[in-house]
Amino acid sequence: QNRNVKTGRETYTKIPREDLLALAEEVEKQTKQTGEEPSALRASISAIHTVIKAFVDRYIEHSDENLLADEEQAVFSLKNEQADLTSKDESLAEKIETARHTLMRARELLTAHDETGKELHRRIFDLAQSKAQEESEVVRAESREHELTALSESLEREKAEAFAIGGSGAVSYKPLLSVSGEERQVQEDRQRSLERMKIRLEEAGGTGEDIRQEHKEVSKREKFFATELDDLAKSAAGLKELVHDLDTELSKHFSEGLTKVNASFGEYFGLMFGGGSARLTLETLEESEEEEADDDSIKIERKAGIEISVNLPRKKVRSLMQLSGGERALTSIALIFAMSQVNPPPFLILDETDAALDEANSRRYGDMIESLTKKSQLIVITHNRETMSHAGILYGVTMGNDGISKLLSVKFEDAVQVAK
């Protein structure tokens, strides 16, 4: 009924294609049968109207009684089918229950059979494994027996060779009461050493007595050399201790000397440049060098070098490499003069140390030379007039009008008196 109401409200109606074709054929048929008579036309139109009205009534104006009858017939058919299916389901349920009990029984029997088969297979596997182990033990024992036989034969041969080389003393040994726990690899290494020793003995020639006598002599020499080596080792230890003490003392004196040199270096540097400062610093070592000598590895530590740090007045210069040639020359001269003041020598020889100096720096250079003469005697080789003016005695070579070179020596004090 609900579907009937819903269908009556729908705008569109579904019509099978076969019914539409049947309607078209019926209309065409009635049209072809129409004659020229008015009565025939009315009959044809009435027939077409009847067909169309039946078609419309069939799909548009459904009768509730027809629809309900169809539904009730469908329900009746379905109930009959449901009753048949219910009876079949009950019959099949009884058969399924019977089959389930049969299946459970079969599974129980199969499980019991599988357990029995597994136990049999386990026993067969254990027996096969035991058999394989026994056979392996037998093969191992046979292999060990062959190995021991070969070792016994080799031992007899070795004993015979040892007796031939070393005499009866080589085979006079006491058998062991128990098996040694030493590793086989150690025994094989010892055997190889004995083989090499035997080869050397055979190459050396001689009888066993000669070899023993030579062994005694070599043993005495070995003890003597061992004593000598011990003495040398003690001497080396003493030398190392002495070197260590010397290094300590030298480091101490070096530090003190470096402090004194820095004091004088800064003073002379300030005189040379009219200010500023300079000092010597030890460079930092990052790694040590190793050298090989006489097939022995000797570790030699590289000593720290010395760097020169400068600070010129009115310049932001810290490295010696950034100075000009003249500035480097002045710095070197200041360093030489500073080192000479730490431990003044009897005399100094300065060869063209002022070659790169201008007149103003030459004047400072001359003043410093004059101050150095208070502690050391100076021999200066120069072409600079300002430097010559600070000398006490002047030696040189001159050439007169005759073109002959002559040696000349002048004492400035005497020359001043003569000039006056």
Less than 4.5 Å apart, side chain to side chain, heavy atoms only: is that true for Val397 and Leu408?
no
Lys220 and Glu217 ion-paired at < 4.0 Å:
no
Any Lys252 side-chain heavy atom under 4.5 Å of Glu256 side chain:
yes
Taking atom CD1 of Ile369 and atom OG of Ser362, what is their separation to the nearest 0.5 Å?
9.5 Å
Kindly give the heavy-atom pair with the smallest separation between Ser376 and Pro345, and that separation in Å.
OG-O, 2.6 Å
Is Gln377 atom CD crowded by more than 12 heavy atoms from other residues, nucleotides or ligands, each under 6.0 Å away?
no
Is it true that the side chains of Ser332 and Arg328 contain a donor and an acceptor less than 3.5 Å apart?
no
Within the supplied structure, the quantity of interest is the number of heavy atoms (other residues, nucleotides, ligands) at a distance under 6.0 Å from Glu222 CD; does it exceed 12?
no
Please find the pair of heavy atoms, one from Ile393 and one from Lys411, that lie closest to each other, and give the distance.
CG1-CG, 3.8 Å
What I want to find out is whether Glu97 reaches Arg100 closely enough, with some N-O distance under 4.0 Å, to be called a salt bridge.
yes
Any side-chain heavy-atom pair from Lys79 and Val75 closer than 4.5 angstrom?
yes
Any salt bridge between Arg192 and Glu195, counting N to O under 4.0 Å?
no
Side-chain heavy atoms of His244 within contact of Glu241, under 4.5 Å:
no
Donor + acceptor pair across side chains of Glu142, His146 (<3.5 Å)
no
Decide if atom CG of Asp402 counts as having more than 12 heavy atoms of other residues, nucleotides or ligands within a radius under 6.0 Å.
yes
Do Tyr395 and Ile379 have side chains that approach each other closer than 4.5 Å (heavy atoms only, starting at C-beta)?
no
Over all heavy atoms of both residues, which pair between Ala338 and Phe265 is shortest? Give the atoms and the distance, please.
CB-N, 3.3 Å
Can you check whether Phe224 reaches Glu228 side chain to side chain, under 4.5 Å on heavy atoms?
yes
Are the side chains of Gln82 and Leu78 in contact, using a 4.5 Å heavy-atom criterion?
no
Could you tell me whether Lys131 and Glu134 have a side-chain N and a carboxylate O separated by less than 4.0 Å?
no
Using a 6.0 Å cut-off, check whether atom CD of Glu156 has over 12 heavy atoms from anything other than its own residue.
yes
Heavy atoms only: give me the nearest His390-Gly366 pair and the separation to one decimal.
CD2-O, 3.5 Å
Minimum heavy-atom distance between Leu350 and Phe337, given as atom pair plus value
CD1-CE2, 3.9 Å
Taking the side chain as everything from C-beta on, heavy atoms only, tell me whether Glu188 gets closer than 4.5 Å to Gln185.
yes
When you look at CE of Met339, are more than 12 heavy atoms from neighbouring residues, nucleotides or ligands closer to it than 6.0 Å?
no
Start with the C-alpha distance between Arg385 and Ser389, add both sets of side-chain angles, then the distance that settles side-chain hydrogen bond (donor to acceptor under 3.5 Å, both in side chains), and finish with yes or no.
CA-CA 6 Å; Arg385 290 177 296 177; Ser389 66; over 6 Å; no
So which heavy atom on Met388 is nearest to which on Leu394, and how close?
CG-CD1, 4.2 Å
